[in-house]
Number of protein chains: 2
Amino acid sequence: MAATVQDMIMLLGDSITQGGWEPHGFAQQLAYVYNRKLDVINRGMSGYNTEWIIPVLEQCFAKKNERTNLPNIRLLTIWLGANDAAQLPTRQHVPLDKYRANLRTLVRTVTSPDSPRYSPEARVLLLTPPPMSETMWARRQAAKVPPRMLDRKFDVTKAYAEAVREVAGELGVHVVDVWTAIWERADEKEERLAEYLSDGLHLTENGYKVVFEILMKAITTHFPEMDPDKLQPVFSYFDQIDDDDPRSSLQRRDAFGI
Amino acid sequence: MAATVQDMIMLLGDSITQGGWEPHGFAQQLAYVYNRKLDVINRGMSGYNTEWIIPVLEQCFAKKNERTNLPNIRLLTIWLGANDAAQLPTRQHVPLDKYRANLRTLVRTVTSPDSPRYSPEARVLLLTPPPMSETMWARRQAAKVPPRMLDRKFDVTKAYAEAVREVAGELGVHVVDVWTAIWERADEKEERLAEYLSDGLHLTENGYKVVFEILMKAITTHFPEMDPDKLQPVFSYFDQIDDDDPRSSLQRRDAFGI
């Protein structure tokens, strides 16, 4: 069984998080820059909304009496809304007020001292869903067999992104505002979203590059101790291994122990 | 703290394993195809040889009395030799006989019932080091400040790759023969290695694509139960969530439990 040698970054979300393991996806890029320092664990579940992800998060965070030997989660990203914002009768739809309540539940599961899963060492970032393109998504839906109707709207996803910012402000959690960053880079023109969205909903490589860029900016600004350049590798660089006593110099260290 | 919800694939090695988190690297590709089924943990350490990686492996596998709550390692890849094969006075050099002995120690740490870290559920694959290009590596060494001498030879690395095959045969462990696969794809011509090697030693995207291809072939041939297409996601596909009782259908499952 795997002994704990590194703490973790956990990515919680829907298909846009799940796709983070694509080449240039934000999970791949995080794993690359945090290599030998923090492990990256992807808990993105395609199609999930905030309602369904609550029991997932509960199962991914250990309760106080079940923590023996387990790694700390140093950073949790919570990134949902693209499916919650789907329109009825799509069963993934979660009404806006319920979406806000679910985001609060997700954050408090980790940050509230009353929670059995309270994890004061875990930094939390809330990400807004990306802007969606009705034109692109309508085309994608029509191409499915059987064809489907357009089930998402630009303005609705925009309102869900706004709700993330509101809840984050209310709870004192930092936001990584993917919606605004991509919309501004697209010069606020729907036709320019094709550079960042593959099908009107999911991200291209360029979309993930924007996410990684603003995520790293949020980390280094709000949690400077988590800047990967300020962490040390858990196992020494090879040129620091002591030839006379290699075993001692190969004892694992705390990545944050510089 | 992170509760265990998925078992793991652990990648043990040197810089060529560490670089597996690059876009199209073999770690990224494994994480992508095993998403929601098995987590991928990279324990590649740039510059390490088999001698230095032994204490690392020992710290990465839990002893029998320290396993509470921890995830199983379902697959361990052991991929070293590129540094062991460096020539004296390079301090990474490990003589060929010692290299063979170290590979045996690494494998037996996991597979021997006498080992405190015996893990019968862990499948083990030994990878051969890639062929190296003296021309490319000499150029790279000369460009360093101060310039360095060529410290690796094509024929020596070839002998270390052969040693991996011998030890694997002796121990009954399967081999992923990176050396042969890349050398054959390069039509056994050193000048064609540039498609697979970035600097004469490390892999390009195309090099990693070959590795991923033959690694997946080894998995599906020798351990068909680990074929990612035969595993189920630990958390249900969203269209299988029960609207009447979502919590029950969102209980985590064994990926191998189909």
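Owing to the predicted nature of the structure, the values given are computational and were not obtained by experimental measurement. Within every chain, numbering begins at 1; the chains are lettered A, B, ... in the order of the sequence lines, protein sequences first and strands thereafter.
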Colleague: Determine the option with the most heavy-atom pairs under 4.5 angstrom with chain B, choosing from Arg91(A), Arg252(A), Glu66(A), His24(A).
Modeller: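 Result: the option with the highest number of such pairs is Arg91(A).
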
Colleague: Could you check if a side-chain atom of Arg36(A) sits within less than 4.5 angstrom of a side-chain atom of Ser46(B), using non-hydrogen atoms only?
Modeller: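 Side-chain contact under 4.5 Å: yes.
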
Colleague: Over all heavy atoms of both residues, which pair between Leu250(A) and Pro55(B) is shortest? Give the atoms and the distance, please.
Modeller: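 Distance-wise, the nearest heavy atoms are CD1-CG, 3.6 Å.
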
Colleague: What I'd like to find out is whether the side chain of Asp39(B) reaches to under 4.5 Å of the side chain of Arg43(A), using heavy atoms alone.
Modeller: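 The answer is yes; the side chains approach within 4.5 Å.
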
Colleague: Do Phe238(A) and Asp14(B) come within less than 4.5 Å of each other through their side chains, counting heavy atoms only?
Modeller: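 Phe238(A) vs Asp14(B): side chains apart.
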
Colleague: With no hydrogens and no angle check, is any side-chain donor or acceptor of Asn42(A) less than 3.5 Å from a backbone partner on Asn35(B)?
Modeller: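 Side chain of Asn42(A) to backbone of Asn35(B): no pair is present.
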
Colleague: Counting heavy-atom pairs under 4.5 Å to chain B, which of Gln251(A), Glu121(A), Arg117(A) comes out on top?
Modeller: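 Most pairs with chain B among the choices: Gln251(A).
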
Colleague: Select, from Met8(A), Gln92(A), Gln29(A), the one with the greatest count of heavy-atom pairs under 4.5 Å involving chain B.
Modeller: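 Top option by heavy-atom pairs under 4.5 Å: Gln92(A).
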
Colleague: Please determine, among Phe61(B), Phe235(B), Tyr32(B), the option with the most heavy-atom pairs under 4.5 Å with chain A.
Modeller: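 So the answer, after comparing Phe61(B), Phe235(B), Tyr32(B), is Phe235(B).
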
Colleague: Is it the backbone or the side chain of Ser236(B) that comes under 4.5 Å from a heavy atom of chain A, or both, or neither?
Modeller: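 Both backbone and side chain.
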
Colleague: What option among Ala27(B), Ala31(B), Gly20(B), Gly44(B) has the most heavy-atom pairs under 4.5 Å with chain A?
Modeller: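 Highest number of heavy-atom pairs under 4.5 Å: Ala31(B).
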
Colleague: Please confirm whether the backbone N or O of Asn69(A) pairs with a side-chain atom of Asn69(B), one donor and one acceptor, at under 3.5 Å?
Modeller: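 No; zero donor-acceptor contacts below 3.5 Å.
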
Colleague: For the interface with chain B, which of Cys60(A), Ser119(A), Pro23(A), Gly19(A) has the highest count of heavy-atom pairs at distances below 4.5 Å?
Modeller: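 Counting heavy-atom pairs under 4.5 Å, the top option is Pro23(A).
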
Colleague: Quick check on Pro246(B) against chain A: is it the side chain, the backbone, both or neither that has a heavy atom closer than 4.5 Å?
Modeller: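 Answer is side chain: those atoms of Pro246(B) sit under 4.5 Å from chain A.
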
Colleague: Mind ranking Asn49(A), Val234(A), Ile41(A) by heavy-atom pairs under 4.5 Å with chain B and telling me who comes out on top?
Modeller: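 Top option by heavy-atom pairs under 4.5 Å: Ile41(A).
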
Colleague: Examine whether an atom of Glu205(A) lies under 4.5 Å from a heavy atom of chain B, and if so say whether it belongs to the side chain, the backbone or both; otherwise answer neither.
Modeller: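 For Glu205(A), there is no contact with chain B at all, as no heavy atom is under 4.5 Å.
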
Colleague: How many angstroms lie between atom OG1 of Thr68(B) and atom CG of Leu70(A), to the nearest 0.5 angstrom?
Modeller: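 Between atom OG1 of Thr68(B) and atom CG of Leu70(A) there are 9.5 Å.
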
Colleague: Could you tell me which portion of Glu58(B) (side chain, backbone, both or neither) has an atom closer than 4.5 angstrom to a non-hydrogen atom of chain A?
Modeller: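 Only the side chain of Glu58(B) comes within 4.5 Å of chain A.
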
Colleague: Would you compute the distance between atom CH2 of Trp52(A) and atom CD1 of Ile241(B) and round it to the nearest 0.5 angstrom?
Modeller: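 That separation rounds to 5.0 Å.
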
Colleague: Side chain, backbone, both or neither: which part of Asp7(A) has a heavy atom under 4.5 Å from chain B?
Modeller: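 Contact with chain B: none, neither part.
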
Colleague: About how many Å separate CD of Gln28(B) and CH2 of Trp21(A), when rounded to the nearest 0.5 Å?
Modeller: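 The distance works out to 8.5 Å.
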
Colleague: With rounding to the nearest 0.5 Å, note down the distance linking CE in Met1(B) to NZ in Lys64(A).
Modeller: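 Between Met1(B) CE and Lys64(A) NZ, I get 12.5 Å after rounding to 0.5 Å.
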
Colleague: Which answer fits Ala122(B), side chain, backbone, both or neither, if we ask what part of it has an atom under 4.5 Å from a heavy atom of chain A?
Modeller: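 No part of it gets close to chain A.
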
Colleague: Please classify the contact of Met45(A) with chain B as side chain, backbone, both or neither, using a heavy-atom distance under 4.5 Å.
Modeller: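 Both the backbone and the side chain of Met45(A) come within 4.5 Å of chain B.
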
